[in-house]
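Report on the structure given below.
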Protein chains: 2
Amino acid sequence: MAIHECVQLVPIFQELAEPQLDTIESIVRHHHYQAGETIFSADDPLDQLMIVSAGQVKVYQLAANGREQLLYLLQSGEIDGEAALFENQRRTSFGEALVPTDVCSIRREDFQNLMQQYPSISINVLNVFGKRLTQLERQTTSTATESVEARLANYLTETAASLNTNTFKLPLKKKDLATFLGTTPETISRKLTRFEQLGLITQKAGKVIQINDADQLLLTE
Amino acid sequence: MAIHECVQLVPIFQELAEPQLDTIESIVRHHHYQAGETIFSADDPLDQLMIVSAGQVKVYQLAANGREQLLYLLQSGEIDGEAALFENQRRTSFGEALVPTDVCSIRREDFQNLMQQYPSISINVLNVFGKRLTQLERQTTSTATESVEARLANYLTETAASLNTNTFKLPLKKKDLATFLGTTPETISRKLTRFEQLGLITQKAGKVIQINDADQLLLTE
DNA sequence: TTGATTTCTTGACGGCCGTCAATTTTTTAA
DNA sequence: TTAAAAAATTGACGGCCGTCAAGAAATCAA
């Protein structure tokens with residue numbers, strides 16, 4: 001079994017050498033979760049940085065009215081717990097394993113020491129946060145100003161682009177996709193059917209979508 | 001005139017001593033903008049960190065359909081240009097002075113050097129980003145899942161809480177408030193009238209709002 | 001495989017809120 | 001102060017999309 005199983009694949013530790021990775025490994029705690037299991041909940045004290053070393057984690061929030069919002073779908077190598085950097089901060093989001101998942105955690109104090117010792121780590125974390133901020137800004141703008149149809153069209157073309165193929169399997173159930181896009185499963189069904197009737201996409205078995213005309217899809221309003 | 005006029009009040013430079021502030025001052029460029037003037041636009045190369053030293057800056061984004069979204073209302077001491085930390089990143093947001101405003105800018109390369117030299121700076125920037133992420137996460141959840149009425153009620157009570165008073169002047173025109181909350185000026189007018197009819201608030205001259213029952217206001221759905 | 005459970009789809013209905021337009025109020029500038 | 005411009009209010013209307021419900025399809029467990 002690899003010693004640095006989780007630590008060595010994480011982008012934020014990229015520049016570090018072997019002995020430093022050993023140090024980190026010694027203060028990291030490993031956890032395993034089954035699909036569907038809760039990794040952290042809103043009332044947990046927020047005192048750890050989480051690193052997803054294998055699997056996928058849904059991170060979502062509850063609104064005042066009880067509806068939930070999927071914020072991130074963390075992949076292997078991604079981190080969560082940005083607010084873990086401050087004192088007296090409480091978590092407002094929930095984490096749930098989407099598939100069997102391995103997570104490493106580092107206590108806030110330890111991570112703060114690490115950043116003091118190896119400044120490259122904080123620069124790397126800054127990059128992660130910057131990208132996440134940019135993404136969230138776009139998402140906020142999108143949900144606040146665009147129709148569900150436009151948001152779904154965007155999601156489909158972006159997913160296709162990131163996978164570099166026109167035919168792909170939706171990585172989420174419709175219910176999760178709905179809470180991500182700020183809509184309902186019913187509406188997603190209807191919109192996909194409509195896209196298909198317009199010839200813009202083709203729906204195949206097992207959540208597989210084929211995009212026929214990405215340009216036209218994006219013109220949907 | 002104070003030498004460190006802009007640098008010394010910025011939280012991210014807090015721990016630094018006089019000689020270090022001198023260094024920073026020497027690489028900072030100062031700008032002044034009139035109310036309504038554009039500070040940066042979407043196609044500007046994103047190669048500077050902006051520091052608002054006096055005044056207020058509206059930061060907003062354009063959606064694909066042309067509608068705009070107000071993301072931040074930067075106050076004195078706040079920064080913008082998080083993505084300035086990466087290479088090859090293009091700006092997607094616009095900045096506009098809301099009142100006469102002073103801004104300092106630091107070139108990306110200089111700022112990266114500063115962070116290398118003084119690690120406390122990157123820790124401070126991390127704190128700023130963390131808070132902004134938390135705020136954006138809540139905003140995304142709110143616009144995606146709650147009604148306009150609930151969002152407006154939230155905005156009013158939060159503004160009152162942050163100002164520590166029940167009577168305050170709206171810091172934005174209704175049009176800007178609308179693009180912040182993801183709605184229209186007309187709807188805001190109607191909702192405020194409705195709140196007043198319910199006895200929850202009182203509207204006074206000059207955009208002044210008095211909150212009569214914050215608890216009941218938050219129960220609005 | 002087979003039944004049980006979850007997920008998805010489709011229809012009907014209604015409310016929230018965006019749009020357009022006209023009037024009133026406030027702000028701005030000379 | 002006064003006229004012009006900008007902002008805000010109010011009404012009418014309609015469409016998007018959320019909700020509820022029922023049936024179909026897919027997934028899962030044994």
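The chains referred to below are lettered A, B, ... by the order of the sequence lines, with proteins before strands, and numbering in each begins at 1.
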Do B:Lys174 and B:Glu186 sit within salt-bridge range, that is, some charged N less than 4.0 Å from a carboxylate O? no
Short heteroatom pairs, N/O only, protein and nucleotides 6-8 of chain D, under 3.5 Å:
residue, atom, partner, partner atom, Å
D:dA7, OP1, B:Lys173, NZ, 3.2
D:dA8, OP1, B:Lys174, N, 3.1
D:dA8, OP2, B:Lys174, N, 3.3

Atom pair distance, as rounded to whole Å: CD in B:Gln34 and P in C:dT28: 15 Å
Salt bridge flag under 4.0 Å for residues A:Lys58 and A:Glu96: yes
With rounding to the nearest 0.5 Å, note down the distance linking SG in B:Cys104 to NE2 in B:His31. 8.0 Å
Integer-rounded Å distance: D:dC16 C1' and A:Leu152 CG: 15 Å
Would you call A:Lys191-A:Glu149 a salt bridge at under 4.0 Å N-O? yes
Among side-chain atoms of B:Tyr60 and A:Glu137, is any donor-acceptor pair under 3.5 angstrom? no
For nucleotides 17-22 of chain D, give me every protein contact, N/O to N/O, under 3.5 Å, one pair per line with atom names.
residue, atom, partner, partner atom, Å
D:dC17, OP1, A:Val148, N, 2.8
D:dC17, OP2, A:Lys191, NZ, 3.4
D:dG18, OP2, A:Thr183, OG1, 2.6
D:dG18, OP2, A:Thr184, OG1, 3.4
D:dG18, OP2, A:Thr187, OG1, 3.0
D:dT19, O4, A:Arg190, NH2, 2.8
D:dC20, N4, A:Glu186, OE2, 3.4

Within this structure, what is the CG-to-P distance between A:Leu181 and D:dC16, rounded to whole angstrom? 18 Å
Round to a whole Å and report the spacing from CD of B:Gln197 to P of D:dT9. 13 Å
Please report the distance, rounded to the nearest Å, between CZ in A:Arg194 and C1' in D:dG15. 12 Å
Just checking, is any N or O donor in the side chain of B:Glu37 or B:His32 under 3.5 Å from an acceptor N or O on the other one? no
Closest approach of A:Ala150 and A:Thr220, non-hydrogen atoms and distance? CB-O, 3.8 Å
If you measure only the distance, is there a donor-acceptor pair under 3.5 Å linking the side chains of A:Gln56 and A:Gln75? yes
